[in-house]
K.L.:
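Quick one: the structure is below, questions incoming.
Just so it is clear, the values below take in all heavy atoms, side chains as well, and ignore hydrogens, waters and symmetry mates.
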Amino acid sequence: MKKLLFITPIFPKNINDDTIVPFIFQFCDFFNKKYPDIEIEILSLKYPFTNKPYIINNINVHPIAGGFKNKIHNSFTILKAIIKGITLF
(Lines give C-alpha, C1' and ligand atoms only; values in the text may rest on other atoms or scores of the structure.)
Protein backbone atom coordinates (compact mmCIF):
# COMPACT_ATOMS: atom_id res chain seq x y z
CA MET A 1 0.00 0.00 0.00
CA LYS A 2 1.24 3.47 -0.83
CA LYS A 3 1.50 6.13 1.86
CA LEU A 4 1.14 9.89 1.65
CA LEU A 5 2.59 12.07 4.40
CA PHE A 6 1.26 15.54 5.15
CA ILE A 7 3.10 17.81 7.57
CA THR A 8 0.94 20.55 9.02
CA PRO A 9 1.21 22.89 12.01
CA ILE A 10 -2.25 21.98 13.34
CA PHE A 11 -4.85 19.30 12.72
CA PRO A 12 -8.21 18.60 14.40
CA LYS A 13 -8.07 16.33 17.44
CA ASN A 14 -11.45 14.79 16.60
CA ILE A 15 -14.32 15.07 14.14
CA ASN A 16 -16.03 17.75 16.27
CA ASP A 17 -12.98 20.01 16.29
CA ASP A 18 -14.11 21.68 13.06
CA THR A 19 -12.71 25.18 13.64
CA ILE A 20 -9.09 24.03 13.38
CA VAL A 21 -8.04 24.54 9.72
CA PRO A 22 -11.08 22.76 8.31
CA PHE A 23 -9.77 22.86 4.75
CA ILE A 24 -6.82 20.58 5.58
CA PHE A 25 -9.09 17.99 7.17
CA GLN A 26 -11.65 18.30 4.37
CA PHE A 27 -8.96 17.79 1.73
CA CYS A 28 -7.51 14.76 3.51
CA ASP A 29 -10.98 13.29 4.06
CA PHE A 30 -11.88 13.76 0.37
CA PHE A 31 -8.52 12.36 -0.76
CA ASN A 32 -8.98 9.35 1.52
CA LYS A 33 -12.40 8.60 0.03
CA LYS A 34 -11.28 9.20 -3.57
CA TYR A 35 -8.10 7.09 -3.29
CA PRO A 36 -8.72 4.39 -0.66
CA ASP A 37 -5.61 2.48 -1.76
CA ILE A 38 -3.37 5.29 -0.44
CA GLU A 39 -2.82 5.46 3.31
CA ILE A 40 -2.73 9.03 4.63
CA GLU A 41 -0.39 9.90 7.48
CA ILE A 42 -0.50 13.33 9.13
CA LEU A 43 2.29 14.86 11.21
CA SER A 44 0.77 17.65 13.23
CA LEU A 45 3.53 19.82 14.67
CA LYS A 46 1.84 22.13 17.19
CA TYR A 47 -1.77 21.08 17.86
CA PRO A 48 -3.34 19.00 19.39
CA PHE A 49 -1.33 19.26 22.58
CA THR A 50 -0.77 15.52 22.91
CA ASN A 51 1.75 13.15 21.40
CA LYS A 52 -0.58 10.14 21.35
CA PRO A 53 -1.36 8.97 17.78
CA TYR A 54 -5.00 8.69 16.78
CA ILE A 55 -7.20 7.94 13.79
CA ILE A 56 -9.87 10.26 12.44
CA ASN A 57 -11.94 9.03 9.46
CA ASN A 58 -9.28 6.43 8.55
CA ILE A 59 -6.57 9.11 8.57
CA ASN A 60 -3.60 8.32 10.81
CA VAL A 61 -2.58 11.38 12.81
CA HIS A 62 0.73 11.60 14.64
CA PRO A 63 0.80 14.76 16.77
CA ILE A 64 4.19 16.06 17.83
CA ALA A 65 2.68 18.33 20.54
CA GLY A 66 5.08 21.18 19.93
CA GLY A 67 2.68 23.81 21.22
CA PHE A 68 3.05 27.49 20.46
CA LYS A 69 6.38 28.27 22.08
CA ASN A 70 9.63 30.09 21.25
CA LYS A 71 11.88 29.59 18.23
CA ILE A 72 14.36 27.36 20.06
CA HIS A 73 11.56 24.98 21.04
CA ASN A 74 10.34 25.00 17.42
CA SER A 75 13.73 23.60 16.35
CA PHE A 76 13.22 20.62 18.66
CA THR A 77 9.68 20.19 17.34
CA ILE A 78 10.93 20.03 13.76
CA LEU A 79 13.66 17.56 14.75
CA LYS A 80 11.06 15.33 16.44
CA ALA A 81 8.87 15.56 13.32
CA ILE A 82 11.75 14.50 11.06
CA ILE A 83 12.51 11.51 13.26
CA LYS A 84 8.84 10.54 13.40
CA GLY A 85 8.49 10.91 9.63
CA ILE A 86 11.47 8.64 9.05
CA THR A 87 10.07 5.98 11.38
CA LEU A 88 6.70 6.01 9.59
CA PHE A 89 8.28 4.94 6.33
K.L.:
A side-chain contact here means heavy atoms from C-beta on lying under 4.5 Å apart; do F11 and F6 qualify?
P.N.:
no
K.L.:
Among residues two or more places apart or on two chains, list those pairs meeting side chain to side chain donor-acceptor pair (under 3.5 Å) that have a residue in residues 75-89.
P.N.:
none
K.L.:
Return all side-chain donor-acceptor pairs below 3.5 angstrom for residues 46-53, not counting sequence neighbours, or 'none' if the list is empty.
P.N.:
{"residue": "K46", "atom": "NZ", "partner": "N74", "partner atom": "OD1", "Å": "2.8"}
{"residue": "Y47", "atom": "OH", "partner": "D17", "partner atom": "OD2", "Å": "3.0"}
{"residue": "T50", "atom": "OG1", "partner": "K52", "partner atom": "N", "Å": "3.2"}

K.L.:
Report the residues that fulfil side chain to side chain contact (heavy atoms under 4.5 Å, CB included) with N57, sequence neighbours left out, ordered by chain and then residue number.
P.N.:
I15, F25, D29
K.L.:
Any idea which heavy atoms bring P9 and S44 closest together, and the distance?
P.N.:
O-OG, 3.8 Å
K.L.:
Quick one: are I42 and I59 in side-chain contact, heavy atoms under 4.5 Å?
P.N.:
yes
K.L.:
Are any of the side-chain heavy atoms of L43 and T8 separated by less than 4.5 Å?
P.N.:
no
K.L.:
Please examine the side chains of F68 and I10, heavy atoms only from C-beta on, and report whether any two atoms are closer than 4.5 Å.
P.N.:
yes
K.L.:
Mind checking what makes ring-ring contact (aromatic ring centres under 6.0 Å, His included) contact with F76, not counting sequence neighbours?
P.N.:
none
K.L.:
Which hydrophobic side chains are connected to I82, either touching it within the sub-4.5 Å cutoff or through other members that do?
P.N.:
I78, I86
K.L.:
Would you kindly confirm whether V61 and F30 end up in one hydrophobic cluster when ILVMFWY residues are joined by side chain heavy atoms under 4.5 Å apart?
P.N.:
no
K.L.:
To the nearest 0.5 Å, what is the distance between CG on L88 and CD1 on I83?
P.N.:
12.0 Å
K.L.:
Let me check something: do L79 and I7 share a hydrophobic cluster, defined by ILVMFWY side-chain heavy atoms less than 4.5 Å apart, either directly or through other members?
P.N.:
no
K.L.:
By side chain to side chain contact (heavy atoms under 4.5 Å, CB included), which residues pair with I38, not counting sequence neighbours?
P.N.:
K2, L4, F31, Y35
K.L.:
Residues in side chain to side chain contact (heavy atoms under 4.5 Å, CB included) with N60, at least two apart?
P.N.:
E39, E41, I55, H62
